[in-house]
K.L.:
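Once you've had a glance at the structure underneath, I'll fire off some questions.
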Amino acid sequence: VPAAAPAPLGCDDPESEAAAEAAVSYINAHSRHGYKFALNRIENIRVLPQGLNNDIVFLELDLLETTCHILSPTPLANCTVRSFTDHAVEGDCDVKLQKVDGKFSVLASKCHSHPDSREDVLQVCPDCPLLESLNDTEVSTLVTSALKDHNSKTPNAYLRLLEIGRAKIQYEPAHVVIAEFAVAATNCSAQDAQTNAEACHLLPDDEANFGFCTATMVKQPSQDLEVDCQLYGHQVTTQDIPFLSRGFYPISQDTS
Amino acid sequence: PVAKRAVAEVAQHDKVPRPVGFVPPPPPCPGRIRYFKI
């Protein structure tokens, strides 16, 4: 008599959690843009037995954006998930894994990220500023000014913009533009760059020194700029993975 | 006169009593929400 089929895995079973952990770790390790994502919920799990101690696992995951940029060396466990009122970004991922002798390896993943509904955020927090388009003129002006301001005040390596991560504009009670952006050190000092900034290039990956800046510009009633940049230090980076498409909110992001 | 008995009432009487403190198992999927519901 053949043995009865094992009971299907529940989404909160330890084995499902282990698979999800491997999947989230893979997704974060294979992204070079945006922020690290944390697991919010296992939506579904299916297991296809392939043989003795060999299973294929299909996972559907709901992820949430953290405040750690993907290039940050901070372990995911220490990253804070963005609050709902901070206009969180959600990620939906389908992941295919193989489990051999209890060890998971990811075979394929497909993710789609999108910000929460503006209406839902405003319903909970009517005064909260919402995510702004990264192409917005006020946002790009702020980032350019902030980086220029930072480079003019530090004698260290001249920093270049890698990407803008998020931006918000608040109109009441004051007109304020807020942006977060990733930077990288170049082969120039800030002083060298004053003569010919175009000649300054990013360091190769094995010597790369990435960093992250937050900038706030109050435009009304009076103008004020605040910039804070932190360099992560030299990091050994993973190989760049070509993505099927690249983009950030508010255009949804898909990666495979 | 013939009095009809409610079906629900019959079902109640036929139910096996659950032990005190019984908690029904959670549905297998989706799993718990760790942070907040989107």
Side-chain angles (χ1 to χ4, degrees), chain A residues 6-21 23-24 37-47 57-67 76-77 79-93 112-121 123-125, chain B:
Chain A
L9 270 184
C11 279
D12 287 336
D13 288 354
E15 197 176 335
S16 308
E17 304 227 352
E21 194 181 323
V24 173
F37 276 84
L39 179 66
N40 189 37
R41 188 184 217 185
I42 301 173
E43 294 286 342
N44 203 5
I45 182 163
R46 281 185 301 126
V47 181
V57 180
F58 293 95
L59 272 178
E60 287 173 39
L61 303 177
D62 175 23
L63 310 181
L64 285 174
E65 189 186 76
T66 68
T67 56
L76 179 64
C79 295
T80 308
V81 168
R82 283 193 195 274
S83 65
F84 184 76
T85 51
D86 200 13
H87 204 174
V89 172
E90 184 194 6
D92 295 316
C93 294
H112 172 84
S113 69
H114 53 90
D116 290 344
S117 139
R118 299 171 75 88
E119 290 72 26
D120 288 355
V121 178
Q123 209 166 23
V124 176
C125 179
Chain B
V2 177
K4 267 188 180 176
R5 260 202 312 188
V7 174
E9 196 189 332
V10 174
Q12 280 298 324
H13 284 301
D14 291 348
K15 261 190 182 172
V16 178
R18 286 176 171 171
V20 178
F22 174 82
V23 179
C29 282
R32 66 189 169 93
I33 294 169
R34 286 156 180 79
Y35 297 98
F36 51 85
K37 192 174 178 179
I38 301 286

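Here the structure is a predicted model, which means the values were calculated and not measured. Note: hydrogens, waters and symmetry copies are ignored here, and every other heavy atom, side chains too, is used. Every chain is numbered from 1 and lettered A, B, ... according to where its sequence line falls, protein lines coming before strand lines.
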K.L.:
Is there a donor-acceptor pair under 3.5 Å between the side chain of A:N40 and the backbone N or O of B:I33?
P.N.:
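The answer is no, because no donor-acceptor pair under 3.5 Å joins these two groups.
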
K.L.:
Which region of A:R82, side chain (C-beta onward) or backbone (N, CA, C, O), has a non-hydrogen atom less than 4.5 Å from a non-hydrogen atom of chain B, or is it both or neither?
P.N.:
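For A:R82, the backbone is the part near chain B, not the side chain.
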
K.L.:
Hey, what do you get for OH (B:Y35) to CG (A:L39), rounding to the nearest 0.5 Å?
P.N.:
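Between B:Y35 OH and A:L39 CG, I get 8.0 Å after rounding to 0.5 Å.
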
K.L.:
Do A:D116 and B:F36 come close enough that some side-chain heavy atom pair is under 4.5 Å?
P.N.:
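Side chain of A:D116 against side chain of B:F36, heavy atoms only: contact under 4.5 Å found.
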
K.L.:
Does any heavy atom of chain B fall under 4.5 Å from the side chain of A:A20, the backbone, both, or neither of them?
P.N.:
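It is neither, since no heavy atom gets under 4.5 Å.
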
K.L.:
Charged N to carboxylate O under 4.0 angstrom, B:R34 versus A:E17?
P.N.:
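So B:R34 pairs with A:E17 through a salt bridge.
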
K.L.:
Which region of A:I42, side chain (C-beta onward) or backbone (N, CA, C, O), has a non-hydrogen atom less than 4.5 Å from a non-hydrogen atom of chain B, or is it both or neither?
P.N.:
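For A:I42, the contact with chain B is made by backbone and side chain together.
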
K.L.:
Would you say that A:I45 contacts B:C29 through its side chain, given a criterion of any heavy-atom pair below 4.5 Å between the two side chains?
P.N.:
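Yes, at least one pair of side-chain atoms sits under 4.5 Å.
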
K.L.:
Has the side chain of A:R41 got a donor or acceptor atom that lies under 3.5 Å from a matching backbone atom of B:G31?
P.N.:
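Present.
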
K.L.:
Quick one: what part of A:E43 sits under 4.5 Å from any heavy atom of chain B, side chain, backbone, both or neither?
P.N.:
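Looking at A:E43, backbone and side chain both touch chain B.
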
K.L.:
Identify which part of A:S83 has an atom lying under 4.5 Å from any heavy atom of chain B, answering side chain, backbone, both or neither.
P.N.:
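Only the backbone of A:S83 comes within 4.5 Å of chain B.
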
